[in-house]
Amino acid sequence: MNEALTLLSFGDQGWGDQIARGVLVTVSLAVATLPFGLILGFLIALAKKSSEPSLELAANIYTTIFRGLPELLTLFLVFFGVQIGIQQGLKLLGYDAYVEINSFVAGMVALSFVFSSYASEAFLSAFRGIPQGQYEGGHALGLSRYQTMSLVILPQLIRLALPALGNLWLILLKDTALVSVIGLSDLLRQAGIAARVTKEPFLFFGVACLIYLVLAIISSAVLSRIERWSKRGDTSR
């Protein structure tokens, strides 16, 4: 027991500092990915319900690709594919240089693609739950399409999509562990390094499991409060 506490302590004798930095990277990656995934998912949902066939087709192809590919493969395609693409582009311009993409940025982009493909379905289902009369009422009040969307539709849309988006956030939080394979020092990678050095895999991977569970519990509690806040108008009527 004392040995385990020493290994998990902060300072020169323990791995607490590295584990804490890994947690920070994991949470930072998830938080940085969330807004891009939400915005992209919303735009894809708009394209799917668009009357323009080409937009709808492009959106359906996008979601089919990123929902069909394993998340790890998507990560590899972004991390290595973008590097190769940039290098080939530089060669065409006469430059022969090695380009390495930042693993945090690559992870954020890849996870945003995956998150947005599922978030678009959540938004699309929420759109279907809003009566057509809400749009007509906004137009009758003299609101523009943008004002109707931002003032009338969007608040209802977020409330309806919130449960599904909350589940996607928990999945995103777990998927951040994938970035350890491209060298990002997240929680899982730091736990793996500590396990190999100390020959204590059960201890450090067990701690990583507990930390992920704590993050999930905190996230669930926050999401529950947000859902109750979003429904406050319903309970008052």
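Predicted, not measured: the structure shown is a model, and the values here were computed from it.
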Linking I/L/V/M/F/W/Y whenever their side-chain heavy atoms sit closer than 4.5 Å, directly or via other members, would [X] and [Y] fall into one cluster?
X    : Y   : value
L168 : V27 : yes
V82  : L73 : yes
L69  : Y62 : yes
I226 : V31 : no

Sub-4.5 Å side-chain heavy-atom contact between [X] and [Y]:
X    : Y    : value
I193 : F204 : no
L188 : F205 : yes
I171 : F115 : no
I39  : F42  : no
L29  : D186 : no
F36  : L111 : no
P163 : E227 : yes
V214 : I211 : no

Rounded to the nearest 0.5 Å, what separation is found between the [atom1] atom of [X] and the [atom2] atom of [Y]?
X    : Y    : atom1 : atom2 : answer
F123 : K49  : CZ    : NZ    : 13.0 Å
F66  : I61  : CZ    : CD1   : 12.0 Å
L215 : L170 : CG    : CG    : 10.5 Å
F113 : L77  : CZ    : CG    : 10.5 Å
I182 : F76  : CD1   : CZ    : 8.0 Å
S125 : L157 : OG    : CG    : 10.0 Å

Checklist entry - If we ignore angles and hydrogens, is there a donor and acceptor under 3.5 Å between the side chains of T198 and W15? => result no

Looking at every heavy atom in both [X] and [Y], which two are closest together, and how far apart are they?
X    : Y    : result
N102 : F104 : OD1-N, 2.8 Å
A32  : P35  : O-CD, 3.5 Å
L40  : S116 : CD2-OG, 3.5 Å
L173 : T176 : O-OG1, 2.6 Å
G22  : Q190 : CA-CG, 3.9 Å
A119 : G37  : CB-O, 4.4 Å

Do any N or O atoms from the side chain of [X] and from the backbone of [Y] form a donor-acceptor pair under 3.5 angstrom?
X    : Y    : answer
S50  : L46  : no
T26  : L187 : yes
S120 : S117 : yes

Next on the checklist: Pair S103, V179 - check side chain to side chain contact (heavy atoms under 4.5 Å, CB included), show working.
Outcome noted: CA-CA 7 Å; S103 55; V179 300; over 6 Å; no

Next on the checklist: Could you list the cluster mates of L124? Members are the ILVMFWY residues connected by side-chain heavy atoms closer than 4.5 Å, either directly or through other members.
Outcome noted: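 Same cluster as L124: nobody, lone residue.
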
Checklist entry - Between K48 and T63, does a side chain to side chain contact (heavy atoms under 4.5 Å, CB included) hold up when you go through it step by step? => result CA-CA 10 Å; K48 282 191 171 185; T63 54; 3.1 Å; yes

Checklist entry - Which of these, V152, L154, I158, sits in a side-chain contact (heavy atoms from CB on, under 4.5 Å) with Q156? => result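 With Q156 as partner, V152, L154, I158 yield a single side-chain contact (heavy atoms from CB on, under 4.5 Å), made by V152.
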
Next on the checklist: Tell me whether Y212 at atom OH has more than 12 heavy atoms from other residues, nucleotides or ligands lying less than 6.0 Å away.
Outcome noted: yes

Item to check | Step-by-step side chain to side chain contact (heavy atoms under 4.5 Å, CB included) determination, W169 to V222 | outcome: CA-CA 11 Å; W169 161 256; V222 172; over 6 Å; no

